[in-house]
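Written out below as structure tokens is the structure these notes cover.
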Amino acid sequence: MRYDLVIFDNDGVLVDSEPISNRLLAAYLTELGYPTSYEDSLRDYMGSAMHRVHELVAERTGESLPADFDDVFHARVFAAFERELRPVPGVEGVLAKLAEGGVPYCVASSGSHERIRVGHRTTGLDRWFDEARIFSAQDVGRGKPDPDLFLYAAERMGVSPGRCVVVEDSPLGVQAGVAAGMDVLGFTAMTSGEKLAGAGKLFADMGELVELLD
């Protein structure tokens, strides 16, 4: 395999959480008086850390979200995860092949450590990811599109950025991977190829990924 490290985004790449979390985010923002559709949420927030939600609301309205916004939102999301969350179809086969081939991999997510763990535990993906393979925007302060998270993950895994490949499904994530100097593969299951145009290659079925890594 031509890469020394495969860095996976989490939401939408490992776990099929984007429809759940963006539906709930749109509903909560609307409930608080900031009308937001599901499509708005995908466009503005998919792949981003929570600070982006606060920043965009403040920028657009001059107002601040409630102090407990993150806690309330995550409580709703985690409850929905327990009922609805599934792994992305085909991703367990990919992880099994990487593990079998001794190819290093990790996850670097804009989501919190708690969100990553809840999602993995609920879907059974926790058996593939120990603590040493999990990185969050919490670790660096700024999430995607800044490259800090991917660079931090590569450093912790002991691999130079040029030997890493990022698997992403959001425009913000693709921007972060490119800014980090890494190859990027764009997963188009939920996002059009046009929006992931910065990625080196695009694929729509997770079953195609292993071939793209060779």
Side-chain angles (χ1 to χ4, degrees), residues 8-89 91-92 106-146 148-149 152-153 168-173 176 187 189-191:
F8 290 95
D9 174 43
N10 189 57
D11 295 292
V13 172
L14 295 176
V15 295
D16 194 16
S17 53
E18 292 290 8
I20 300 170
S21 58
N22 282 282
R23 183 187 76 228
L24 293 173
L25 180 56
Y28 189 25
L29 287 171
T30 300
E31 175 187 322
L32 291 173
Y34 308 103
T36 305
S37 69
Y38 173 71
E39 291 74 21
D40 292 337
S41 184
L42 289 175
R43 181 194 65 224
D44 293 339
Y45 305 121
M46 182 175 169
S48 69
M50 289 301 294
H51 65 76
R52 179 177 171 86
V53 182
H54 291 265
E55 289 166 359
L56 283 185
V57 168
E59 178 184 313
R60 291 169 176 174
T61 70
E63 300 176 0
S64 298
L65 291 170
D68 64 350
F69 179 87
D70 290 13
D71 291 339
V72 172
F73 174 64
H74 284 131
R76 295 181 183 187
V77 168
F78 295 164
F81 278 4
E82 296 289 347
R83 300 189 301 268
E84 305 174 42
L85 192 62
R86 300 290 183 273
V88 167
V91 78
E92 290 186 271
C106 65
V107 57
S109 173
S110 290
S112 66
H113 276 281
E114 184 182 14
R115 178 180 172 127
I116 298 168
R117 291 192 193 98
V118 169
H120 287 189
R121 185 175 66 248
T122 303
T123 58
L125 293 185
D126 53 344
R127 70 191 184 101
W128 300 105
F129 291 92
D130 56 28
E131 282 299 311
R133 297 179 189 267
I134 297 175
F135 305 100
S136 161
Q138 285 182 314
D139 301 325
V140 295
R142 299 292 300 181
K144 308 163 189 178
D146 292 317
D148 307 39
L149 174 57
Y152 176 75
E168 265 288 354
D169 72 329
S170 75
L172 294 176
F187 184 43
M190 275 196 63
T191 309

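In this text the structure is predicted, and so the values were computed from the model without any measurement.
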Would you name the heavy atoms of S41 and N22 that are closest together and state the gap between them?
OG-OD1, 2.7 Å

Nearest-0.5 Å distance that lies between atom SG in C106 and atom CZ in F135
5.0 Å

Side-chain contact test, heavy atoms from C-beta onward, threshold under 4.5 Å: evaluate it for M50 versus S112 and give yes or no.
no

How close do I116 and S109 get, counting heavy atoms only, and between which atoms?
CD1-CB, 3.7 Å

If you measure only the distance, is there a donor-acceptor pair under 3.5 Å linking the side chains of T191 and D169?
no

Could you check if a side-chain atom of Y34 sits within less than 4.5 angstrom of a side-chain atom of E63, using non-hydrogen atoms only?
yes

Grab the two heavy atoms, one from M46 and one from L172, that are nearest each other, plus how far apart they are.
O-CD1, 3.8 Å

Side chain of H51, backbone of G143: donor and acceptor closer than 3.5 Å?
yes

Atom CG in L24, atom NE2 in H74: separation rounded to 0.5 Å?
11.0 Å

Would a 4.5 Å heavy-atom cut-off, applied to side chains only, mark L42 and M190 as touching?
yes

First locate atom CD of E82, then atom OG1 of T122, and finally report the distance between them rounded to the nearest 0.5 Å.
4.0 Å

Tell me the closest heavy-atom pair linking P87 and T123, and the distance in Å.
N-CG2, 3.6 Å

Answer yes or no: is there a side-chain heavy-atom contact under 4.5 Å between Y45 and L56?
yes

Any chance you could lay out the side-chain contact (heavy atoms from CB on, under 4.5 Å) test for E92 and L125, step after step, and finish with the verdict?
CA-CA 8 Å; E92 290 186 271; L125 293 185; 3.5 Å; yes

In terms of relative ring orientation, are F73 and F69 parallel, tilted or perpendicular, with 30° and 60° separating the classes?
parallel

N/O donor-acceptor pair under 3.5 Å between T30 side chain and T36 backbone:
yes

Report yes if some heavy atom in the side chain of S136 is under 4.5 Å from a heavy atom in the side chain of D139; otherwise report no.
yes

Once you round to the nearest 0.5 Å, how far does CH2 of W128 lie from CZ of F8?
11.0 Å

Strictly below 4.0 Å, N to O, side chains only: are E131 and R117 in salt-bridge contact?
yes

Using the rule given for side-chain contact (heavy atoms from CB on, under 4.5 Å), can you reason through V13 versus V88, listing the C-alpha separation, both sets of side-chain angles and the distance that settles it, and then say yes or no?
CA-CA 6 Å; V13 172; V88 167; 5.6 Å; no

Short side-chain to backbone donor-acceptor contact, S110 and A137, under 3.5 Å
no

Distance in Å, S48 OG paired with D146 CG, rounded so as to fall on 0.5 Å steps:
11.5 Å

For residues V15 and F81, determine if any side-chain heavy atom of one lies less than 4.5 Å from a side-chain heavy atom of the other.
no

Can you find a heavy atom in the side chain of V53 that is under 4.5 Å from one in the side chain of L29?
yes

Just wondering, do R52 and K144 contact through their side chains at under 4.5 Å, heavy atoms?
no

NE2/H120 to CZ/R115 distance, rounded to the nearest 0.5 angstrom?
11.0 Å

Minimum heavy-atom distance L32-P66, with the two atoms named:
CD1-CD, 3.9 Å

Kindly determine whether F129 and L14 satisfy side-chain contact (heavy atoms from CB on, under 4.5 Å), including the steps that lead there.
CA-CA 11 Å; F129 291 92; L14 295 176; 3.6 Å; yes

Closest non-hydrogen atom pair between H113 and Q138, with its separation
N-OE1, 2.9 Å

